[in-house]
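Have a look at the structure below before the remarks.
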Amino acid sequence: MKDAMVVGAPPLPTLAVAVVSLKPKEHGAYAIVMIPLFSALLSVGPSWVGVAIVVASLAGFFAHEPILVAMGHRGGRVQRGAPGARALALGLLGLAVAAGAFALWSADPPTRIALLACLALSTLCFAIAIVRLHRTLGGQLLGVAGLSLPCMPILLDGGLDRSNSLLVWLVWLLGFASTTLAVRAVIAIQKRQTTVASWIGLGFTTAATIGLVVNQVWLPLAAVPMIAGGWGLMFWPPPAKHLRRVGWTLVAATMLTALGIISAVVLGLPGPVA
């Protein structure tokens with residue numbers, strides 16, 4: 001009888017295979033990239049260019065993690081546990097390039113300029129991730145700008161004028177900056193770190209929103225649910241075990257902001273009354 005079958009013999013060693021996820025790890029980023037994209041598409045209606053921008057943006061977003069894994073930026077063990085990361089990264093990048101090239105070729109000049117701005121900003125965000133600065137306050141705020149910017153060329157392609165398309169993006173910046181600052185504060189409190197930057201930043205986004213509304217630029221009112229959610233987290237920070245519930249609450253606030261933007265654009269009231 002073999003030793004492994006002897007009663008009391010130690011079990012044969014087994015190889016543990018770690019399951020490596022190639023999905024983006026920053027869960028809040030899903031809302032930052034998807035909700036502005038689809039709300040823009042719903043605001044002005046679908047078009048070939050608009051759909052191509054959505055495909056290119058999502059492909060680039062989902063390529064981010066496989067690229068980092070394939071380059072070894074998640075560690076050698078993770079890299080060895082995901083042999084398909086390189087192929088997935090190349091496939092998604094190829095899709096992003098093809099869809100983006102189609103959008104650039106088919107778009108009008110203002111939309112092309114916005115698309116080139118998206119490309120430049122996304123490249124900068126990726127470079128920041130490569131040097132491992134994407135979790136800093138500046139890196140996260142730049143990420144908010146880069147992930148939400150693709151809504152602007154969709155709006156331009158759909159016929160919204162340049163100033164109001166820029167205003168929609170500004171509303172998303174105010175909202176997402178507020179929630180990002182608040183979540184950073186909650187995490188900092190758990191780690192017993194300072195939250196001064198979050199208080200100052202949220203004060204700035206609030207003051208900017210009030211300033212725009214005072215000057216009869218009404219669309220920033222759509223960011224109020226997100227800004228209010230940010231203040232709620234600042235004054236009543238939840239324990240760490242409730243962070244997932246907090247995340248879904250902020251998604252609900254983001255959906256309210258999206259509803260406000262869509263309604264305003266459809267009704268033709270995204271900015272000062274002409």
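Excluded from the calculations below are hydrogen atoms, water molecules and symmetry mates; all remaining heavy atoms, backbone and side chain alike, are included.
Ser106 places no side-chain N or O within 3.5 Å of a backbone atom of Ala103 that could act as its donor or acceptor partner. For the pair Gln190 (side chain) and Pro238 (backbone), a donor-acceptor distance under 3.5 Å is present. Put simply, the side chain of Thr195 never gets that close to the backbone of Ser198: no donor and acceptor are under 3.5 Å apart. Distance alone, capped at 3.5 Å, is enough to place a donor-acceptor pair between the Asp161 side chain and the Ser163 backbone. Using a distance-only test at 3.5 Å, with no hydrogens or angles considered, no donor-acceptor pair links the side chain of Arg112 to the main chain of Pro153.
You'll find the side chain of Leu137 reaches within 4.5 Å of the side chain of Leu181, heavy atoms only. At a threshold of 4.5 Å between non-hydrogen side-chain atoms, the residues Asn164 and Leu167 count as touching. Between Pro220 and Leu170 the shortest side-chain heavy-atom distance does not fall below 4.5 Å. Counting heavy atoms from C-beta on, the side chains of Ile67 and Phe126 come closer than 4.5 Å. Contact annotation: the side chain of Val44 never approaches that of Asp157 to less than 4.5 Å [non-hydrogen atoms, C-beta and beyond]. With contacts defined as side-chain heavy-atom distances shorter than 4.5 Å, the pair Trp172/Ile261 qualifies. Side-chain contact between Leu156 and Ile113 is absent, with no heavy-atom pair separated by less than 4.5 Å. Using a 4.5 Å heavy-atom cutoff, the side chains of Leu58 and Met34 are in contact.
Across all their heavy atoms, Met234 and Ala182 have their closest contact at SD-CA, 3.9 Å. Residues Gly100 and Ala56 approach most closely at N-CB, 3.7 Å, considering heavy atoms. In plain terms, the two heavy atoms of Thr257 and Ala223 that are nearest each other are OG1-CA, 3.9 Å. The shortest non-hydrogen separation linking Val69 to Ala85 is CG1-CB, 3.8 Å. The two residues Pro36 and Ala31 make their nearest non-hydrogen contact at CD-O, 3.4 Å. Contact between Thr205 and Ala177 at its shortest, heavy atoms only, is CG2-CB, 4.1 Å.
Using cut-offs of 30° and 60° on the angle between ring planes, the pair Trp231 and Trp199 is tilted.
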Worksheet item: Under the side-chain contact (heavy atoms from CB on, under 4.5 Å) criterion, do Met226 and Leu250 qualify, and how do the steps go?
Response: CA-CA 7 Å; Met226 300 176 73; Leu250 292 179; over 6 Å; no
Worksheet item: Given Ile187 and Val183, is the side-chain contact (heavy atoms from CB on, under 4.5 Å) satisfied, shown in steps?
Response: CA-CA 6 Å; Ile187 296 172; Val183 170; 4.1 Å; yes
Item to complete: Could you give me the CA-CA distance, side-chain angles and deciding distance for Ile35 and Met255, then say whether side-chain contact (heavy atoms from CB on, under 4.5 Å) is met?
Response: CA-CA 7 Å; Ile35 296 179; Met255 294 298 292; 3.7 Å; yes
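Applying the ring-ring contact (aromatic ring centres under 6.0 Å, His included) rule to Phe102 yields no partners; only residues at least two apart in sequence or on another chain are considered.
Put simply, Val217 and Leu174 are part of the same group of oily side chains (I, L, V, M, F, W, Y) that touch within less than 4.5 Å, one to the next. Residues Trp236 and Leu202 share a hydrophobic cluster, clusters being chains of Ile/Leu/Val/Met/Phe/Trp/Tyr side chains in contact below 4.5 Å. Taking hydrophobic clusters as Ile, Leu, Val, Met, Phe, Trp and Tyr residues chained together by side-chain heavy-atom distances below 4.5 Å, Val54 shares a cluster with Leu121. In the hydrophobic cluster analysis, where Ile, Leu, Val, Met, Phe, Trp and Tyr join through side-chain heavy atoms closer than 4.5 angstrom, Leu141 is grouped apart from Val186. Note: the hydrophobic cluster containing Trp218 does not contain Ile227 (ILVMFWY, side chain heavy atoms under 4.5 Å, direct or indirect links).
Atom CG of residue Leu90 and atom CG of residue Leu95 lie 12.5 Å apart, to the nearest 0.5 angstrom. To the nearest 0.5 Å, the span separating SG on Cys118 from CG on Leu147 amounts to 10.5 Å. To the nearest 0.5 angstrom, Leu160 atom CG is 12.0 Å from Ile154 atom CD1. Note that CZ of Arg135 is 14.0 Å distant from CD1 of Ile128, once rounded to the nearest 0.5 Å. Going from atom CG of Leu116 over to atom CG of Leu104 covers 5.5 Å, rounded to the nearest 0.5 Å. Of the inter-residue distances, the one linking Leu267 atom CG with Ile262 atom CD1 reads 11.5 Å to the nearest 0.5 angstrom.
With a 6.0 Å radius and a threshold of 12 heavy atoms from other residues, nucleotides or ligands, Trp48 has its CH2 atom at or below the threshold.
Paired with Pro225 under the rule side chain to side chain contact (heavy atoms under 4.5 Å, CB included), one option of Leu256, Thr254, Thr179 passes, and it is Leu256.
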